[in-house]
Visitor: 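So that we are looking at the same thing, I have put the structure below in structure tokens.
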Amino acid sequence: MKEFEIALPVGQPLTEARMASEARRMFGRDDLHCVESRRSIDARGRVVCRHRIEAWFPEDNYQPYRLDDYMDVHDAENVIVVGAGPAGMFAALKLLMLGLKPVVLERGKDVHARKTDMARLSREGKVDPDSNYCYGEGGAGAFSDGKLFTRSSKRGDIREVLYQLVQFGASKDILVEAHPHIGTDKLPLIVENIRKCIVEHGGEYHFSTRVTDVDMTAGVVKAVTPDGPVEYSGRAVILATGHSARDVYEMVQSHGWPLEPKGFALGVRVEHPQSLINDARYHGQWRKGMPTAEYAFVEQVDGRGVFSFCMCPGGILVPSSTEDHSVVLNGMSNSARNSYWANAGVVVQIEPEDIPEKYKDGSPFSVMNFQQDVERDMYKSLHGEGSDPELHPLAAPAQRMVDFCKGRVSKDLPRTSYHPGAVSAPLHAILPPMVADRMRKAFPVVDRKIRGYYTNDALLLGVESRTSSPIRIPRDPETLSCAPGLFPCGEGAGYSGGIVSSAIDGIRCALSAARTLQ
């Protein structure tokens, strides 16, 4: 295998003829096979697109990557998969490859029915605890930017995830882009196609089915549906419930299965005009037709990381509350990434020892209780005595960036993409001091790397708190089980973060479940 690189102006397509010509020039042969393996934007000087090319000779006997076939599992043994987010979906697909029947139980609705509940959430502030931006088919990732940034191959073959996404409707560009994304407008159809494939091959999907208990001694999963209680049987259960299913953690604890508090990250959503980020990242060279600019940063402040999270170029802000009387924000982008705004979470690393003393009760729920109270504090800051009764229930407390750093309430706010609305409030005082103080120190430092970032044209909205699970379900490092036949996986188990890493963890748990059934 040979590798070489071609740099082209942004927007100029890479053709097979160009690859072949460059390969001939470098290796002196006409019989090379070439394929693009990676594509990235380089804006360090003149803006160019760098294409990494893999090339091989006929005698190399190179074999392109190929997915395993899905098997007919109508009559195969059941494996219960709790949750239809990335971990659950890709666990189910792997079970098909292994000849086992996935029975997927999802507390929320199918990916299209979810849209009605999310529209009501944004419009009226009515939270359906089982159908929202976190719960439902596709999980939290189905209505996000669809970022696929994980490139580490330590835990599994990333190609199994990316090639299946392409097979179900994603662009082939995700196989080569340095920072691939799908877009929230494209993801629902992909998620639906995955479900159709699973069902056509003999798997099952059950929506509006909230799991209330898992009895591994009897091999039974109990759930409630709109029509009443139901039970499903299976000797193996994959628990892929996401990082917000707090009731599942309580169920795990009731059985005496291990739980432990885990660090997470907490902060705000930061919204800039996208044009400002374009100018900063392309050094004033951005022009129409170039990819919408992204950014990422990590700073160490007072012994903890302050970093950007889930950056959404050309995106919008959405409400991600899963219960009443709390305010949580997230970001998302369509595939074109063409809105006026750029947004990202800017969050501070929180370890269990960092939380206030009143939460340190020895409970595995200590960090989660702290997280929940911060989300409720956001709501209380705007809905206390004497507040506007017409205020949207999910309106967010907000502050201009420089005002936040200087500790002053903003007299007015720039317009925002957040539909429930933003209300000027002292975020610097509402946030926990350990979070606010570190962010106030970090923002001016970030400006040295992203010129123009530290500006009062940037809006901070609270709170960004669903970065990862504040609880981990410890599991055996070899079997990946926390109890015989029970395999916690994905973000909810505390072993992944994001679509790709969650999908890989789901695949690993499916393999482990299959081994127990042999």
Side-chain angles (χ1 to χ4, degrees), residues 80-85 87-88 104-108 127-136 139-140 206 208-226 228-232 234 237-264 266 320-326 328 350 352 355 358-376 465-475 480-496 502 509:
I80 308 301
V81 179
V82 184
V104 182
L105 310 181
E106 169 55 53
R107 72 189 298 163
V127 180
D128 183 332
D130 288 327
S131 180
N132 44 61
Y133 276 96
C134 290
Y135 298 149
H206 301 274
S208 299
T209 301
R210 180 166 53 84
V211 169
T212 56
D213 194 25
V214 176
D215 183 354
M216 292 312 303
T217 59
V220 171
V221 174
K222 300 177 182 179
V224 294
T225 72
V230 292
E231 292 186 356
Y232 299 91
V237 177
I238 296 174
L239 202 61
T241 52
H243 59 42
S244 295
R246 290 163 171 160
D247 56 326
V248 172
Y249 298 128
E250 293 169 355
M251 182 271 291
V252 169
Q253 186 187 50
S254 72
H255 283 278
W257 297 325
L259 283 176
E260 60 186 25
K262 171 185 158 293
F264 76 120
L266 177 73
S320 287
S321 300
T322 55
E323 63 179 8
D324 289 327
H325 303 134
S326 69
V328 183
I350 305 288
I355 63 176
K358 68 177 182 177
Y359 295 98
K360 296 178 181 178
D361 56 2
S363 163
F365 297 93
S366 57
V367 180
M368 188 184 76
N369 291 337
F370 166 69
Q371 175 198 53
Q372 191 173 37
D373 279 355
V374 173
E375 295 170 0
R376 290 171 176 173
S465 55
R466 304 294 177 91
T467 52
S468 64
S469 172
I471 291 181
R472 177 178 286 113
I473 306 176
R475 64 190 188 189
L480 306 185
S481 62
C482 68
L486 181 61
F487 303 88
C489 75
E491 289 198 25
Y495 292 97
S496 67
S502 294
C509 285

Visitor: Is there side-chain contact between Val374 and Gln371, with heavy atoms separated by less than 4.5 Å?
Guide: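 They are not in side-chain contact.
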Visitor: Among all residues two or more places apart in sequence or in another chain, which pass the side chain to side chain contact (heavy atoms under 4.5 Å, CB included) test with Ser208?
Guide: Lys109, Pro226
Visitor: Which heavy atom of Gly88 sits nearest a heavy atom of Ala240, and at what distance?
Guide: N-CB, 3.6 Å
Visitor: To the nearest 0.5 Å, tell me how far Arg210 CZ sits from Tyr135 OH.
Guide: 10.0 Å
Visitor: To the nearest 0.5 Å, what is the distance between OG (Ser244) and CZ (Arg466)?
Guide: 4.0 Å
Visitor: Charged N to carboxylate O under 4.0 angstrom, Asp247 versus Arg107?
Guide: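 A salt bridge links Asp247 with Arg107.
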Visitor: Looking just at side-chain N and O atoms, do Thr322 and Arg246 make a donor-acceptor pair shorter than 3.5 Å?
Guide: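 Per modelled atom types, Thr322 and Arg246 side chains form no pair under 3.5 Å.
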Visitor: Considering the options Ile80, Val230, Val81, which one meets the side-chain contact (heavy atoms from CB on, under 4.5 Å) requirement together with Leu105?
Guide: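 In the set Ile80, Val230, Val81, the residue that makes a side-chain contact (heavy atoms from CB on, under 4.5 Å) with Leu105 is Ile80.
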Visitor: Which atoms form the tightest heavy-atom contact between Gly83 and Val104, and what is the distance?
Guide: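 Closest approach of Gly83 to Val104: O-CG1, 4.1 Å.
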Visitor: Under 3.5 Å, is there a donor-acceptor pair linking the side chains of His255 and Asp215?
Guide: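 No, Asp215 and His255 have no side-chain donor paired with an acceptor closer than 3.5 Å.
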Visitor: With rounding to the nearest 0.5 angstrom, report the OG1 to CD distance, Thr212 to Glu231.
Guide: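 The OG1 atom of Thr212 sits 9.0 Å away from the CD atom of Glu231.
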Visitor: Taking only residues at least two apart or on different chains, which pairs with a member in residues 251-261 satisfy salt bridge (Lys or Arg N to Asp or Glu O under 4.0 Å)?
Guide: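 Residue pairs with at least one partner in residues 251-261: Glu260-Arg472.
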Visitor: Enter the distance from Ile471:CD1 to Asn369:CG here, rounded to the nearest 0.5 Å.
Guide: 8.0 Å
Visitor: Checking Glu491 side chain against Ser468 main chain: does a donor-acceptor pair fall under 3.5 Å?
Guide: no
Visitor: How many angstroms lie between NZ in Lys262 and CD1 in Ile350, if you round to the nearest 0.5 Å?
Guide: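 Answer rounded to 0.5 Å: 12.0 Å.
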Visitor: Determine yes or no for a side-chain-to-main-chain donor-acceptor pair under 3.5 angstrom, with Tyr232 supplying the side chain and Ala223 the backbone.
Guide: no
Visitor: For Lys360, which residues count as a side chain to side chain contact (heavy atoms under 4.5 Å, CB included) partner, sequence neighbours excluded?
Guide: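 Lys360 satisfies side chain to side chain contact (heavy atoms under 4.5 Å, CB included) with Ile355, Glu357 once adjacent residues are dropped.
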Visitor: How about Leu480 and Cys489: do any of their side-chain heavy atoms sit closer than 4.5 Å?
Guide: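 Side-chain contact under 4.5 Å: no.
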Visitor: My understanding is that only residues two or more places apart in sequence, or in another chain, count here; which of them pass ring pair (Phe, Tyr, Trp, His ring centres under 6.0 Å) with Tyr359?
Guide: Phe370
Visitor: When you compare the side chain of Val237 with that of Val82, does any pair of heavy atoms fall below 4.5 Å?
Guide: yes
Visitor: Would you mind telling me which of Ser465, Ser320, Ser326 makes a side-chain hydrogen bond (donor to acceptor under 3.5 Å, both in side chains) with Glu375?
Guide: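 One option only clears the test, and that one is Ser465.
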Visitor: Closest approach of Ser366 and Asp361, non-hydrogen atoms and distance?
Guide: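 In terms of heavy atoms, the two residues are closest at CB-OD1, 3.9 Å.
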Visitor: When you compare the side chain of Met368 with that of Ser363, does any pair of heavy atoms fall below 4.5 Å?
Guide: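 A side-chain contact under 4.5 Å is absent here.
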Visitor: Only counting residues at least two apart or in another chain, list the ones meeting ring pair (Phe, Tyr, Trp, His ring centres under 6.0 Å) with Tyr249.
Guide: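 If we apply the ring pair (Phe, Tyr, Trp, His ring centres under 6.0 Å) test to Tyr249, skipping adjacent residues, there are no hits.
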Visitor: With rounding to the nearest 0.5 angstrom, report the CZ to NE2 distance, Phe264 to His243.
Guide: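 Those atoms lie 11.0 Å apart.
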Visitor: Ser321: which residues meet the side chain to side chain donor-acceptor pair (under 3.5 Å) condition with it, sequence neighbours left out?
Guide: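 For Ser321, no residue satisfies side chain to side chain donor-acceptor pair (under 3.5 Å) once neighbours in sequence are set aside.
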Visitor: Side-chain contact test, heavy atoms from C-beta onward, threshold under 4.5 Å: evaluate it for Ser481 versus Arg475 and give yes or no.
Guide: no
Visitor: Do Val211 and Leu239 come close enough that some side-chain heavy atom pair is under 4.5 Å?
Guide: no
Visitor: Give the C-alpha distance, both sets of side-chain angles, the deciding distance and a yes or no for side-chain contact (heavy atoms from CB on, under 4.5 Å) between Trp257 and Met251.
Guide: CA-CA 9 Å; Trp257 297 325; Met251 182 271 291; 4.1 Å; yes
Visitor: Identify the heavy atoms of Ser496 and Ser502 that sit nearest to each other, and give their distance.
Guide: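 The pair with the smallest heavy-atom distance is OG-OG, 2.8 Å.
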